[in-house]
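Encoded as structure tokens, the structure appears first; notes follow it.
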Amino acid sequence: MEIKRDGYLEQLKIRRDNGMIKIITGIRRCGKSFLLFVLFKKYLIETGVAKDHIIEIALDGIENEELRDPKMCFQYIKDSMKDEQRYYILLDEVQFMPRFEEVLNSLLRIGNVDVYVTGSNSRFLSSDIVTEFRGRGDEIRVYPLSFNEFFDAFGGDYDDAWNEYVVYGGLPQVALFSEERQKAEYLKNIFTNVYLKDVVERNKIQNIDEIGTLVDILASAIGSPTNPTKLSNTFTSERGSSYSNKTISNHIDYLTEAFLISKANRYDIKGRKYVGANLKYYFSDVGLRNARLNFRQQEITHIMENVIYNELLVRGYNVDVGVVDVMANNIEGKRVHKSLEVDFVVNQGSQRYYIQVAYDMSTEEKKAQEFQSLRNIPDSFKKIVIVNGTQKPWRNEEGFVIMGIKYFLLHANSLEF
């Protein structure tokens with residue numbers, strides 16, 4: 001079965017022949033190679049590119065072992081070019097070639113080539129790879145299947161698809177498995193033997209047990225504010241181990257660079273500034289998060305928040321966690337400062353949205369709880385509450401937009417209502 005990745009394919013089409021190296025990044029097993037070697041190649045042929053003007057090299061294949069030598073690879077590409085027409089160079093698993101940066105920079109100096117590369121180990125997954133091309137690299141970030149992509153491939157009832165997605169996530173291979181046990185074992189295996197192993201080996205981490213436990217804690221507390229100091233204190237008090245806040249901060253950065261998790265910064269909406277402490281962390285795939293915890297913690301409220309966060313990133317938004325400082329009475333009746341949280345402050349250019357995620361708003365108390373922070377935001381940008389269910393968007397008497405998560409996920413322009 002061919003899973004469509006139309007959004008990413010469109011990004012490649014837009015970048016075609018732009019004179020830059022197209023660098024396809026993302027967590028391993030999220031479909032980068034399929035996007036380039038199947039979907040994009042098919043598009044090139046359909047638009048009239050001759051097959052012999054598409055030079056494909058999968059550097060992880062034993063048949064191309066000699067092409068891992070940078071000089072031999074570069075010469076092979078040169079020898080394959082028989083005329084002055086445009087050639088499309090597709091390199092997969094480029095990290096198998098030493099000094100690949102030099103090869104790519106050399107290819108840029110050839111006038112009639114358009115270069116696309118992917119890679120799947122932690123060396124290539126690092127977010128700093130684009131900087132090595134001195135502004136001549138154009139990154140396309142690929143994520144696991146969004147729910148919309150998953151639902152299209154699933155081909156069944158929405159509720160069935162949603163129940164499957166929030167447990168096993170959106171890695172394309174998992175979506176193709178039919179048995180739950182197969183999905184679970186695959187996710188648990190690649191988390192340990194692929195993702196975590198990559199991070200440990202690339203960064204030469206010695207305390208493997210500690211980073212494994214750190215991952216477990218982050219997985220258990222998705223969407224909860226925390227910081228390295230708080231985490232370090234937890235290790236000291238509950239586990240009796242010394243794991244400094246500096247080391248924890250470094251290890252979280254390594255996990256982020258490998259696209260396994262994402263950080264959401266805290267933004268003071270009234271003060272218009274970032275607040276350094278207590279970030280939130282989300283997993284790039286909820287299936288991987290669940291597998292790490294052996295599928296024991298299935299809190300739908302937190303998972304729903306993680307899914308919405310990832311969807312916003314897929315749509316190209318910058319996403320922060322909002323903080324609104326207000327005056328309120330404490331239990332003694334005194335006026336004190338109180339911080340209210342806005343789940344997501346969503347920005348793209350001049351656009352901004354404030355989003356609350358509410359699994360349950362069945363009572364007036366719960367409605368008041370979700371609306372309170374939105375009511376204290378001192379500007380007129382759109383305020384949205386995403387609830388569990390299938391409700392179409394509507395505005396309440398305060399002008400807040402209420403919509404079900406089904407509508408939000410299945411309509412790319414849902415925030416524009």
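Remember, predicted model here, so these are calculated numbers, not experimental data.
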**Report entry** Full working for side chain to side chain contact (heavy atoms under 4.5 Å, CB included) between Thr226 and Ile217
**Finding:** CA-CA 10 Å; Thr226 190; Ile217 292 174; over 6 Å; no
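- Judged purely by distance below 3.5 Å, without hydrogens or angles, the side chains of Gln356 and Gln372 never pair a donor atom with an acceptor atom.
- For the ring-ring contact (aromatic ring centres under 6.0 Å, His included) test, residues two or more places apart in sequence or in another chain that qualify with Phe400 are Phe371.
- A donor-acceptor contact under 3.5 angstrom links the side chains of Arg352 and Tyr354, judged on distance only.
- Using a 4.5 Å heavy-atom cutoff, the side chains of Asn207 and Thr247 are in contact.
- Side chain to side chain, Asn203 and His251 fail the donor-acceptor criterion of an N or O pair below 3.5 Å.
- For OH of Tyr76, the number of neighbouring non-hydrogen atoms (other residues, nucleotides, ligands) closer than 6.0 Å is 12 at most.
- In this structure Glu164 satisfies the side chain to side chain contact (heavy atoms under 4.5 Å, CB included) test together with Phe150, Phe154, Tyr168, Lys183, sequence neighbours excluded.
- Between Tyr43 and Phe40, the ring-plane angle classifies as tilted under the 30° and 60° cut-offs.
- To the nearest 0.5 Å, atoms OH (Tyr195) and CG (Leu288) are separated by 5.0 Å.
- One N or O on the side chain of His411 and one on the backbone of Tyr407 form a donor-acceptor pair closer than 3.5 Å.
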Query - Stepwise side chain to side chain contact (heavy atoms under 4.5 Å, CB included) test for Glu149 and Arg5 - result: CA-CA 7 Å; Glu149 292 173 319; Arg5 309 304 301 270; 2.9 Å; yes
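- Of the inter-residue distances, the one linking Arg289 atom CZ with Ile222 atom CD1 reads 4.0 Å to the nearest 0.5 angstrom.
- Sequence neighbours left out, the pairs with a member in residues 205-225 that pass salt bridge (Lys or Arg N to Asp or Glu O under 4.0 Å) are Asp216-Arg292.
- Considering only residues two or more places apart in sequence or on other chains, Phe235 meets the ring-ring contact (aromatic ring centres under 6.0 Å, His included) condition with Tyr243.
- Ion pairing between a basic and an acidic side chain is recognised when a charged N comes within 4.0 Å of a carboxylate O; Glu341 and Arg266 show such pairing.
- Using a 3.5 Å distance cut-off with no hydrogens or angles, the side chains of Arg15 and Tyr116 do not pair a donor with an acceptor.
- Pairs engaging residues 243-256 under the salt bridge (Lys or Arg N to Asp or Glu O under 4.0 Å) rule: Asp253-Lys263 [sequence neighbours left out].
- Counting heavy atoms from C-beta outward, Leu340 and Asn376 have side chains that approach closer than 4.5 Å.
- Open room surrounds CD on Gln206; 12 or fewer heavy atoms of other groups in view lie less than 6.0 Å from it.
- When atom types are taken as modelled, the side chain of Lys32 and the backbone of Val142 share no donor-acceptor pair closer than 3.5 angstrom.
- By the salt bridge (Lys or Arg N to Asp or Glu O under 4.0 Å) test, Lys22 is found to be paired with Asp114, residues two or more places apart in sequence or in another chain being considered.
- Checked against the 6.0 Å centroid criterion, the rings of Tyr158 and Phe147 qualify as a close aromatic pair.
- A distance of 4.5 Å separates CG in Leu107 from CD1 in Ile77, rounded to the nearest 0.5 Å.
- Glu311 is linked by a side chain to side chain contact (heavy atoms under 4.5 Å, CB included) to Ser146, Arg315, Phe408, Leu409, counting only residues two or more places apart in sequence or in another chain.
- More than 12 heavy atoms of other residues, nucleotides or ligands lie within 6.0 Å of NZ in Lys230, so this atom counts as buried by the packing criterion.
- Within the 4.5 Å cutoff, the side chain of Phe37 has no heavy atoms near those of the Ile54 side chain.
- Closest approach of Ala264 to Tyr309, counting heavy atoms only: CB-CE1, 4.0 Å.
- The shortest side-chain heavy-atom distance between Ile27 and Arg29 does not fall under the 4.5 Å cut-off.
- With rounding to the nearest 0.5 Å, the separation of CG in Asn64 from CD1 in Ile57 is 6.5 Å.
- In the displayed structure, Tyr359 atom OH is contacted under 6.0 Å by at most 12 heavy atoms of other residues, nucleotides or ligands.
- Counting all heavy atoms, side chain and backbone alike, Asn290 lies closest to Val167 at ND2-O, 2.9 Å.
- Shortest non-hydrogen contact noted between Ser106 and Phe74 is CB-CE1, 3.6 Å.
- Looking at residues two or more places apart in sequence or on another chain, you find a salt bridge (Lys or Arg N to Asp or Glu O under 4.0 Å) between Glu56 and Lys41.
- The heavy-atom pair separating Glu305 from Asp343 by the smallest distance is OE1-OD1, 4.3 Å.
- Take Asp6 and apply the salt bridge (Lys or Arg N to Asp or Glu O under 4.0 Å) test, not counting sequence neighbours, and it matches no residue.
- Listed by chain and number, the residues in a side chain to side chain contact (heavy atoms under 4.5 Å, CB included) with Arg68 are Leu59, Glu65, Phe96 (sequence neighbours excluded).
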Requested in this report: Please report the C-alpha distance between Leu279 and Asn227 in whole Å, then the side-chain angles of each, then the deciding distance to 0.1 Å, and finally whether the side chain to side chain contact (heavy atoms under 4.5 Å, CB included) criterion is met.
Outcome: CA-CA 6 Å; Leu279 308 183; Asn227 60 65; over 6 Å; no
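- Counting heavy atoms from C-beta on, the side chains of Leu260 and Phe191 come closer than 4.5 Å.
- Atom OH of Tyr87 is separated from atom NZ of Lys78 by 11.5 Å, given to the nearest 0.5 angstrom.
- Between the side chain of Lys383 and the backbone N or O of Phe381, at least one donor-acceptor pair lies under 3.5 Å.
- Between Tyr353 and Leu312, the closest side-chain pair of non-hydrogen atoms is not below 4.5 Å.
- Using a 4.5 Å heavy-atom cutoff, the side chains of Leu218 and Leu255 are in contact.
- Counting only heavy atoms from C-beta outward, the side chains of Tyr143 and Phe259 never approach each other to under 4.5 Å.
- With a 6.0 Å radius and a threshold of 12 heavy atoms from other residues, nucleotides or ligands, Lys197 has its NZ atom at or below the threshold.
- What you find for Gln348 and Tyr317 is that their closest heavy atoms are CB-CD2, 3.4 Å.
- Applying the side chain to side chain contact (heavy atoms under 4.5 Å, CB included) criterion to Asp69, with sequence neighbours excluded, gives Lys71, Met72.
- Annotation: the span from Leu187 atom CG to Asn294 atom CG amounts to 11.5 Å, rounded to 0.5 Å.
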Query - Test side chain to side chain contact (heavy atoms under 4.5 Å, CB included) applied to Val319 and Ile355, step by step - result: CA-CA 10 Å; Val319 186; Ile355 296 177; over 6 Å; no
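- Heavy-atom neighbours of Lys13 NZ from other residues, nucleotides or ligands within 6.0 Å: above the threshold of 12.
- The shortest heavy-atom contact between Trp162 and Asn388 is NE1-OD1, 4.5 Å.
- Remark: the Glu93 side chain and the Gln95 side chain contain an N/O donor-acceptor pair separated by less than 3.5 Å.
- In this structure Glu180 satisfies the salt bridge (Lys or Arg N to Asp or Glu O under 4.0 Å) test with no other residue, sequence neighbours excluded.
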